[in-house]
Each structure stands twice: as C-alpha cells, then as structure tokens.
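Here is the structure we will look at, set down as structure tokens.
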Amino acid sequence: MMRVVLISTLAIVAAAVQYANGSPAGANAYLFFAVLLVSFGIYRRGMRGLTYWLSLTGLVEAWFLFDYCFYGTAVAVLGRSKTPLAASMDEAYSRTYLVGALAFVAFACGAHAGFARSAAGRGIRRLLQVWSRRERLWRNVFFLFTIGGILGLAVLLLDSESRDRLFYEHVGLAPRPGMGRYSDLLFMLPTSAIGLWYLSGPKRRYSRVLTMAGLFLIAAIHLGFGRRLMWAGTMLLVFHLCRVRGIFTLRARYLAVALPLVLLVSLWLEGSKNLGWYAATEAVDVRALADGNRVFDMVDNSVGRFDTTAALITNRETLPYYYGETFLMAPLQLLPVSAGFERSRGVREELGELIYGAFGQGLVSQEASLVGELYANFSYLGVMAGFLIVGFGAAFLDGRCHHSRRPMVALGYGLCLFRAVHQLATASTSWFPLTFLAFLPWLCAMAVTRMPWRSAR
C-alpha cells in the first residue's frame, strides 16, 4: 500500500507543478502521469513479497519516476535544458512524454506477462539445480579475477602518467593509451571481490557492522575513479547479497536517510572534476554544492536523460533512423582501440555534435537513454517492442531469482541489479562492454561448472 501511495503522490505532485507553471509539454505530460498510475496496477500484484526498490522491475519504475516526473518536470518548467532541439520546446517535450507513456505501458504489459510466466514455468528450475554445484570451483574463479583486479590497480598506480591523472589532473582514474586492459581488470575488482566474499560463506559470528563496512569500502573503489553509477549499482549488489545472507535488509526508511548522503557525494564528485584528488578536498566548498546549477549539471551527467531523449526524437525529422546499427555496433566496443576498429557515429556522437558542435572518438559525446536510443533506431515500434522485452525480462528474473538462495543464482541476479540503471540511462555502446565485463567472472564460473569434471577417487 505504501508503494501505491508513494508513486501516486509523485505523479500527482509532478502534474500539479506542470499545471501551475504552464508546462510546455501540454496534455501529453498529464497523459504520462495518468499512464504511470494505471500501468502500475497492471503488474504490481506480481511484485508481492519483493523488496521493491531492490528488484529489477522496481529499478525500472524508479528510473521512469525520476527522469519523467522529477527531472522532466524540472527541465520543462524551468527551461533548463542545455540540449538544442530541432523543434520548439513545446513540440519536443510533448512528443517525449508521449513516447515515455508508450514505453511505460509496454513495460507494464511485459512485466505482467513476465510475472505470470515466472510463476508457471518449471524448466529453469532444473537448470538452476545443475548450476548449484562445485562451489569451490566458483570461489577459485572469483579469487583469480579478484587477484587480477588488484594487480591491475597496482600496475595503474605504478605507472607515472596514470598516477598523475588520478592524483593531479582529475578525480578519476584515466589510464594512458595502451593500458585499457588494466582498467578493465580494475572495473571488475569490486564485484569480483564481493562475489568471492559471498561464495566463501561468511560465518554468522562475524560482526554485521564490520562486514557491511568492509563491503561498502570495496564498493567505493568505483568512486575512486569517478564512476558514481557504478558505485550505486555495486551498493545494490551488496544490499541484495546481504539480504539473502540474512545480514541486512534495506528498508524504505534506510533509503530515505541514505539519499542525502548519496546526493552530497555525487555533487562533490561533479564539483571536483579535473582537479585531482590532492586538490579536490581543498578546492570544493561544501556549502557551494547546494547551488542549483551544480545540481542540474550533476543530474545531466548522471541519470537525467529527458532532454537528450527529446533531442533524439525531434532529430528524426531531419536525420535518418539507425535501424539497429547502434545495437549491432555495441559488441564491437569490446575490441581494443589498437585493433584498428574505427567506431562509427552513434546516438552519443549525434548528441555530442548537437550540444558541443563536434563529435568523434577523441572529442565529446553525450549519453542517451534506452528510450531515446530505441526511438532513434525504430521509432515508436522500437520503443514498444524494446520495453515489452525489458518488462518481461525484469519481471521473469524477479519472480524466479529475487528470493533464491542458490549461490550463483543470487549472485547473477545481484549483478543484474548492478547493471540495470546504467543500461537504462546510457547508450548500448557504453553499457554493453561494461555489462560484459561485470558478468565475465560469473560466466567463467558457469563454464567451469559445465565442464565434464570427474570426481577424484
């Protein structure tokens, strides 16, 4: 009941603010808020028993609430978009809310079918029983990846140029060209270490406070090289595994207390870009973090995608559709730059050229949401089909894996939580290689499990 009240309140408040300020988005803004309330009722019965905001369906809905209710309302009412639009603001924002309404209806219908399927089918259960073996092999795989991540961090810190970039040039680890493989190992370090902890079966006699503190420090490695979404996703992974282990359960009241701290950390990282860790603590005035311009810059560079989605939608009047090219090119991002693969223009580069007047691998780009990328590829049909799949997949995994205590099932579901928001808020060429790297230790452990090992006599 509390979830219904919360979502209803957010939708009604957003509609009231739009109405009081003469929203340029017009009737379609109110259509989206109405669709949000109606669509939530389509699938919410299947969510009973879930830790709501710690589920895939909950995260998708939370992103829509944020981007369309909060950020979209602020951008429309205050006129704060920095993205040039190929049409008037009224027309662009109106079409964006219409596309968002279609996306959420498709997500709700897909989720309804996904929950129904997860309750009916049994085939995956037999597969999961095969996976629930050879825990020692799993631990060894995650141990090797953890060691690799530590070695990657050591190599990067011993390299003078990479070290200077971290401590003196900007807050974040940007290795010099040719050292990308070490940054990949470093990216996998937090999740590999947390997976190793989970698969090692922590004893109940260990202090819960110390256990949580240690896991939080491991997650903060992502903050060390400026990746806020990665840090937030790793915390979701931690909270899920701790709930499965019976160590800690994330409640709404805990989330409400933690949000101001998360916002403060994110604002501080935004304000300390290009300063270096040595200068960041002295150069950024904490009192200045509440500045409205700084808040909008932080949201623009993190998860706020309403204005860039509007740009991609209106650009289709003068620019051609991609017809799946951006998704087909995403796996090629796994190839190293030294392989000679020339990355083509995509939605990120289109937005970079629109905003900054230039694009290219060595120049600037801007992230696009999944809604915008689907529309830029296949128009309304792409948005509808894409979010039907997203809704079905999220609900199916929620129904089957959210409560599972099988080690690799719980860990795999936690990794899905880790990557969910990033995949909604960034283009496929950005999220695909990072998602592949995040799941690589898990996939290797699964491959080891499937090998025809013979038991020792």
Side-chain angles (χ1 to χ4, degrees), residues 7-8 10-19 23-43 57-78 80-81 83 85-112 299-300 302-317 321 347 351 367-391 394 420-421 423-427:
I7 291 172
S8 301
L10 289 174
I12 292 171
V13 169
V17 171
Q18 296 257 7
Y19 179 79
S23 169
N28 283 337
Y30 309 116
L31 172 65
F32 174 83
F33 301 135
V35 163
L36 183 70
L37 295 176
V38 174
S39 298
F40 178 63
I42 294 176
Y43 64 91
T57 44
L59 288 177
V60 175
E61 188 170 75
W63 183 83
F64 271 103
L65 286 170
F66 177 86
D67 198 48
Y68 282 83
C69 287
F70 174 73
Y71 182 63
T73 297
V75 169
V77 169
L78 302 177
R80 293 295 300 267
S81 175
T83 308
L85 300 172
S88 66
M89 183 180 293
D90 295 25
E91 180 183 353
Y93 288 175
S94 178
R95 290 178 63 185
T96 303
Y97 271 113
L98 180 61
V99 172
L102 174 64
F104 199 82
V105 167
F107 165 74
C109 293
H112 178 76
V299 174
D300 278 335
S302 299
V303 290
R305 300 290 183 255
F306 184 84
D307 51 347
T308 56
T309 301
L312 287 174
I313 291 173
T314 55
N315 278 357
R316 304 284 64 82
E317 296 181 358
Y321 288 92
V347 290
L351 291 170
E367 286 297 352
S369 70
L370 179 59
V371 177
E373 186 174 13
L374 286 169
Y375 188 92
N377 278 274
F378 302 110
S379 190
Y380 292 99
L381 181 61
V383 173
M384 182 178 66
F387 274 90
L388 276 171
I389 295 172
V390 169
V421 177
Q423 293 179 209
L424 289 168
T426 59

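Values in this document were obtained by computation on a predicted structure and should not be read as measured data.
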Sub-3.5 Å donor-acceptor pair from the side chain of [X] to the main-chain atoms of [Y], do we have one?
| X | Y | answer |
| --- | --- | --- |
| Asn28 | Tyr97 | no |
| Ser39 | Leu36 | no |
| Ser23 | Tyr19 | no |
| Glu367 | Ala427 | yes |

First locate atom [atom1] of [X], then atom [atom2] of [Y], and finally report the distance between them rounded to the nearest 0.5 Å.
| X | Y | atom1 | atom2 | result |
| --- | --- | --- | --- | --- |
| Met89 | Thr314 | CE | OG1 | 11.5 Å |
| Tyr30 | Gln18 | OH | CD | 6.0 Å |
| Phe64 | Leu424 | CZ | CG | 7.5 Å |
| Phe378 | Met384 | CZ | CE | 13.0 Å |
| Arg316 | Arg95 | CZ | CZ | 10.0 Å |
| Ile7 | Ile12 | CD1 | CD1 | 12.0 Å |

Residue pair [X] / [Y]: nearest heavy atoms and the distance that separates them:
| X | Y | value |
| --- | --- | --- |
| Ser379 | Tyr321 | OG-OH, 3.6 Å |
| Ala311 | Leu351 | CB-CD2, 3.9 Å |
| Ala11 | Cys69 | CA-SG, 4.4 Å |
| Pro24 | Tyr93 | CG-CD1, 4.2 Å |

Less than 3.5 Å apart, which donor and acceptor atoms pair up between the side chains of residues 101-112 and the rest of the protein, not counting sequence neighbours?
residue	atom	partner	partner atom	Å
His112	ND1	Ile42	O	3.0

Open item on the list: Testing the 3.5 Å rule here: is there a donor-acceptor pair between the side chains of Thr309 and Ser369?
Closed with: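 The answer is yes; a qualifying pair exists.
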
TODO: For the pair Tyr68 and Trp63, name the ring-plane relationship: parallel under 30°, tilted 30 to 60°, perpendicular over 60°.
DONE: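 Taking Trp63 first and then Tyr68, their aromatic rings stand perpendicular (interplane angle over 60°).
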
- [ ] Applying side-chain contact (heavy atoms from CB on, under 4.5 Å), run through Phe306 and Thr96 and close with a yes or a no.
- [x] CA-CA 8 Å; Phe306 184 84; Thr96 303; 3.6 Å; yes

TODO: Step by step, work out the side-chain contact (heavy atoms from CB on, under 4.5 Å) result for Phe33 and Thr73.
DONE: CA-CA 11 Å; Phe33 301 135; Thr73 297; 4.0 Å; yes

Open item on the list: Please determine whether the number of non-hydrogen atoms from other residues, nucleotides or ligands lying under 6.0 Å from atom CZ of Phe70 exceeds 12.
Closed with: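 Counting other residues, nucleotides and ligands, CZ of Phe70 stays at 12 neighbours or fewer.
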
